[in-house]
Amino acid sequence: MCGIIGIVTGHPVVTGLISSLKLLEYRGYDSAGIATMQDGQVWRERAAGKLANLEKKIKDDGVSEGGIGIGHTRWATHGAPTEGNAHPHIVDNVIIVHNGIIENYAELRDELIKNGANIQSQTDTEVIGHLISNQLKIDSNIETAVQTAVGRLTGAFALAIMIKGEENLLIGARKGCPLVVGIGDVEGHYIGSDALALSPFSRQIIYLEEGDFVFATRQNFRVFDQAGTLVTRDVNHVEVQSATMDKGNHKHFMAKEFFEQPDVVQKTLSHYLDMKSNQVTLDSKLDISKFERIVMVSCGTAYLAACVAKYWLEENVNMSVEVDVASEFRYRKPALNEKCLFVVISQSGETADSLAALRMAKNKGCTTLAIVNVPTSTMAREADIILPTFAGIEVCVASTKAFMCQISVLAALSIGLGVQIGRLSHADATSMAKQLAQLPRLINDCFAVEKDIVKLAHEIANVEHVLFLGRNTSYPIAMEGALKLKEITYIHAEGYAAGELKHGPIALVDENMPLIIIAPDNEVYEKTRSNIEEIAARGGDITVLTTQKRAKEIQKLGLKAIALPDCSSFLAPFIYTVPVQLLAYHTAVHMGTDVDQPRNLAKSVTVE
Ligand code: G6P
């Protein structure tokens with residue numbers, strides 16, 4: 001989602017702004033812009049579409065450098081992704097970029113128009129510029145004027161602001177959306193959406209807290225909290241390598257990232273499993289005997305990780321497990337109390353709805369546990385217990401390796417809690433831990449199906465709809481397969497419980513409907529096999545993902561089957577995720593869509 005960068009160094013900033021915006025590209029955006037100030041002049045350039053368009057305009061129009069500047073990649077919320085709606089916005093002396101949504105923007109806009117304001121764009125951001133500009137007319141103290149004006153906003157935001165004529169002052173504010181401050185490796189200060197954006201310039205990072213304002217000059221900076229009190233925030237030494245943004249030998253980040261899965265799963269598991277003793281170690285604060293149920297909440301692919309874990313936790317811990325998407329959960333009135341273990345799962349640790357759900361659960365007295373990939377994220381800082389994933393930076397908008405690491409942690413969690421509660425014996429736990437230890441090798445073996453998947457992908461590239469089916473833990477993997485396919489190919493796909501097919505979707509089945517059926521050889525295989533027969537009887541175009549032995553049987557029926565490595569029922573969600581990721585990827589490559597930055601999507605969804 002929108003990316004923010006601000007630089008005040010006194011030295012030319014345009015190259016730095018652009019290199020930071022490139023590091024923020026992965027979050028997803030549809031227009032971009034920068035503004036700099038020099039000798040009392042403001043210079044701004046904006047463009048719809050990719051950063052390359054902005055760079056071209058900067059080159060064509062001739063760069064007017066400055067020693068201070070702000071930049072932005074915009075993911076449109078209010079107003080189409082046009083140049084006119086792109087940030088920075090300029091209102092009188094105020095130059096502003098914004099991430100988030102201002103909820104009371106319509107009433108503020110009406111009030112401003114009534115008072116004669118000339119509003120140029122359809123954005124909520126411009127309204128903030130007007131509020132600050134008006135306040136500066138009645139309060140010449142920039143710090144208090146900005147705090148008063150921003151104090152009128154409801155909703156979520158991160159802001160970077162410059163004031164014309166103040167060429168040694170960069171202002172930032174955050175509420176609901178992340179914003180960090182970087183102390184320059186050489187003189188100067190920076191503000192940005194994440195530490196990665198500041199990695200070319202700074203390793204000394206301050207994570208602003210909810211409601212904070214920062215006023216930074218080349219020489220120093222001051223942070224005020226929501227109440228307007230001058231505060232000190234910790235400075236963290238962060239080593240973020242922008243080199244990790246390299247695709248290596250791969251054409252796309254997505255390919256690089258799913259081929260990294262054996263390594264990152266190994267790294268993640270080794271944090272929880274003692275590979276010698278095959279024991280699972282969890283955070284010592286986690287005591288399952290305090291709880292009566294588990295509630296798991298997340299969004300997108302992370303939600304599907306929770307859906308997989310529901311099967312494991314119910315079986316291994318024998319506790320009721322509720323799973324919901326955060327955007328629904330947070331507006332329901334769920335019965336939550338201190339007997340409830342609340343688990344939030346998030347790659348970024350910043351997703352607005354998941355964060356709001358976490359806060360709601362905390363307020364209701366739940367113990368909160370966050371499974372997050374970014375250890376410095378807001379969720380990681382706010383949850384009572386953190387179980388980190390070690391996927392490394394995930395750049396492709398469509399999540400692959402982060403999902404695999406999430407289910408790795410969840411599998412370990414289900415074993416650890418199962419032992420704690422006495423549902424699993426040590427022998428059971430050891431056997432399951434031993435199975436998990438095989439994952440890096442097994443996941444690696446799965447890539448052998450790539451050739452078969454490429455063939456299937458070329459067929460799928462010609463269709464408009466695809467159904468993915470599965471039972472038990474293969475059901476969420478079917479949904480993940482459908483989600484990956486629609487995200488990066490724009491083909492309509494649905495993931496369905498195989499047994500539910502006959503209650504509706506079977507009406508869609510004919511020879512033009514491809515069905516991908518995820519059928520590991522487990523306790524529900526025969527049931528899925530019956531569903532395969534039902535679909536075959538109606539002429540559906542079936543491909544079954546299964547084991548070698550079962551694939552042969554299926555092929556004898558004249559149906560397509562792709563054989564995956566043999567694995568236990570417990571490991572099946574890991575193994576069967578690989579082919580559905582590969583299928584989405586190769587279909588997208590064949591169709592020529594933007595694999596890493598699909599249209600309309602964002603990596604870090606910091607608005608509701
Ligand atoms: C976005 C991304 C998805 C991701 C979801 C949740 O929609 O495009 O890939 O699964 O957000 O993100 P989170 O960072 O909370 O895991």
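Note that ligands are numbered from 1 as they come in the structure, with each ligand's atoms numbered from 1 the same way. Source: prediction; values computed, not measured.
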With distance as the sole test, does [X] use its side chain to make a donor-acceptor pair with the main-chain N or O of [Y] at under 3.5 Å?
X: Asp283; Y: Lys285; result: yes
X: Lys484; Y: Ser399; result: yes
X: Lys175; Y: Asp212; result: no

Tabulated below should be the N or O atoms of ligand 1 paired with protein N or O atoms at under 3.5 Å; can you produce that?
residue: ligand 1; atom: 8 (O); partner: Ala602; partner atom: O; Å: 2.9
residue: ligand 1; atom: 9 (O); partner: Val397; partner atom: O; Å: 3.0
residue: ligand 1; atom: 10 (O); partner: Thr301; partner atom: N; Å: 3.0
residue: ligand 1; atom: 12 (O); partner: Thr351; partner atom: OG1; Å: 3.4
residue: ligand 1; atom: 14 (O); partner: Ser346; partner atom: OG; Å: 3.3
residue: ligand 1; atom: 14 (O); partner: Gln347; partner atom: N; Å: 3.4
residue: ligand 1; atom: 14 (O); partner: Ser348; partner atom: N; Å: 2.8
residue: ligand 1; atom: 14 (O); partner: Ser348; partner atom: OG; Å: 2.6
residue: ligand 1; atom: 14 (O); partner: Thr351; partner atom: OG1; Å: 3.4
residue: ligand 1; atom: 15 (O); partner: Ser346; partner atom: OG; Å: 2.6
residue: ligand 1; atom: 15 (O); partner: Thr351; partner atom: OG1; Å: 2.5
residue: ligand 1; atom: 16 (O); partner: Gln347; partner atom: N; Å: 2.7

Pairing residues for Asp194 by the salt bridge (charged side-chain N to carboxylate O under 4.0 Å, His left out) criterion, not counting sequence neighbours: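 For Asp194, the residues satisfying salt bridge (charged side-chain N to carboxylate O under 4.0 Å, His left out) (neighbours in sequence not counted) are Arg27.
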
Please collect all salt bridge (Lys or Arg N to Asp or Glu O under 4.0 Å) contacts where either partner lies in residues 457-476, sequence neighbours excluded, each pair once.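 Sorted result for residues 457-476: Glu459-Lys560.
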
Pairs satisfying salt bridge (Lys or Arg N to Asp or Glu O under 4.0 Å), at least one member in residues 365-381, at least two apart: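 Those involving residues 365-381 do not exist here.
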
